[in-house]
Amino acid sequence: MSLTKRIVGLVGLALLPALAIQGYNEYALRSARGEAVRGEAMRTARGVAVDLDQFSRGARQILGILSELPEIQKKDPQVCTAYLRSVVDKVPGSFFFGVADAEGRILCNTLGSSPGAYAIADRSYFKEAMRTGGFAIGEVVSGRVTKRPTIQFALAIPGADGRPDGIVLTSIDLSYLAMRQASAGLPPDAALTVADRDGTVLIRLPDHDEWVGKPLPAPFWAALSRHRGGVADLTGLQDNPRITAIAGTSPEDLGSFTVAVGLSPNTAFADIDAATRRGLVLIGIGAALALVAALMGGRAFIRRPVRRLLRSAAAWRAGELDVRSGIGGPASSANSARRSTPWRSHCKSMRASCAPRSPAAASFRNGRRCCCTNSTTACAIP
């Protein structure tokens with residue numbers, strides 16, 4: 001193996017601890033951030049669910065008050081309409097109030113429709129309120145008069161015999177609910193989806209106008225139902241990965257709303273990814289500098305001195321006893337100079353001693369030669 005390959009191998013071994021530390025830090029940071037992001041997503045989803053439940057309770061209280069007023073129970077169209085119009089502007093999110101009789105005919109409303117102009121007997125909220133004699137929340141519908149995607153809250157009006165004698169209802173503007181949640185401060189790049197019991201979108205941020213009133217894709221709705229009350233890595237409505245939290249429901253919830261908040265992992269881990277890239281770049285730069293320094297140091301302090309020693313050894317074997325390697329510091333040079341004169345004399349005497357004195361000795365000398373080094377003098381066999 002060449003010296004260069006060995007140096008590169010040593011630099012690689014030296015980098016292994018740094019790479020191991022970088023990998024462990026990446027794993028630890030991502031694990032901690034993942035738990036934090038999942039917790040933030042669930043807190044946000046629960047916060048939206050609580051806010052919607054409080055809004056529903058507020059609407060029920062208003063309807064409860066209206067249902068017990070004489071102006072509503074008597075169902076006089078003129079008196080009822082005037083009273084409802086005085087109330088509608090004072091209820092945030094509501095743009096319509098109406099009263100229907102037990103057959104589902106609208107008797108009065110804030111739009112001023114004539115009594116019996118249309119009926120709501122086929123609406124689910126009317127059927128539920130009349131069946132239970134209590135509060136009901138409908139599905140997302142397009143209003144027959146307003147033509148706007150809305151959701152209706154309805155409460156039965158108690159009759160003289162204790163049975164429901166009709167309902168009082170209000171239509172909630174879903175755009176208002178969307179703006180209400182947007183202004184509450186969602187996490188950056190968050191996607192909020194609120195659906196009714198059938199999987200129809202009530203609120204979608206962003207792109208509320210595009211999704212409101214539309215059914216969720218079946219695979220996405222099934223995934224939300226399957227992971228209700230937990231956090232899962234799901235593909236969002238725009239086919240991008242999301243860390244999605246689905247708020248759980250409780251028996252006390254008025255509406256069967258499904259609230260899901262999805263956070264983008266790219267945004268959540270952006271600073272960690274940037275730190276990882278910086279770390280890897282710095283490690284790469286450090287590795288390059290270390291490799292260059294090691295190669296230059298190996299050339300200056302290992303390869304060149306070794307080559308000098310090899311050249312000197314080759315010269316000595318050839319009988320050039322005056323050749324020096326040139327390796328050594330100032331002290332070595334001074335000592336060599338002090339020893340040079342007696343050393344040369346010693347080498348001359350050794351040459352004389354190696355001179356042949358007989359034909360046999362001459363034959364023997366052909367297979368030997370005198371060598372003179374910095375520290376020893378000897379006759380070596382080639």
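Each residue takes its place number in the sequence, starting with 1. All values reported here derive from a predicted model rather than from experimental measurement.
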Salt bridge (Lys or Arg N to Asp or Glu O under 4.0 Å) assessment of Arg131 paired with Glu128: CA-CA 5 Å; Arg131 182 182 66 83; Glu128 181 70 13; 2.9 Å; yes
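Taking CD of Gln181 as the start and CD1 of Ile203 as the end, the distance is 5.5 Å to the nearest 0.5 Å. Ser56 OG to Arg60 CZ: the interatomic distance, rounded to the nearest 0.5 Å, is 9.5 Å. Between the CG atom in Leu224 and the CG atom in Leu234 there is a gap of 6.5 Å [rounded to 0.5 Å].
Contact of the Ile120 side chain with the Tyr125 side chain is registered, since non-hydrogen atoms from C-beta on lie closer than 4.5 Å. You'll find the side chain of Thr81 stays beyond 4.5 Å of the side chain of Leu111, heavy atoms only.
If you run side chain to side chain contact (heavy atoms under 4.5 Å, CB included) between Val99 and each of Ile167, Leu66, Ile72, only Ile72 comes through. Partner Leu177 forms a side chain to side chain contact (heavy atoms under 4.5 Å, CB included) with one of Ile172, Leu202, Val48 and no other, that one being Ile172.
The pair Asp51-Arg180 meets the salt-bridge criterion, with a side-chain N (NZ, NE, NH1 or NH2) lying under 4.0 Å from an Asp/Glu carboxylate O.
Annotation: disulfide (SG to SG under 2.5 Å) contacts involving residues 85-130, sequence neighbours excluded, comprise Cys80-Cys108.
Under the side chain to side chain donor-acceptor pair (under 3.5 Å) criterion, Ser171 pairs with Gln152, sequence neighbours left out.
Hydrophobic clustering, defined by side-chain heavy atoms of Ile, Leu, Val, Met, Phe, Trp and Tyr closer than 4.5 Å, leaves Leu107 isolated from every other such residue.
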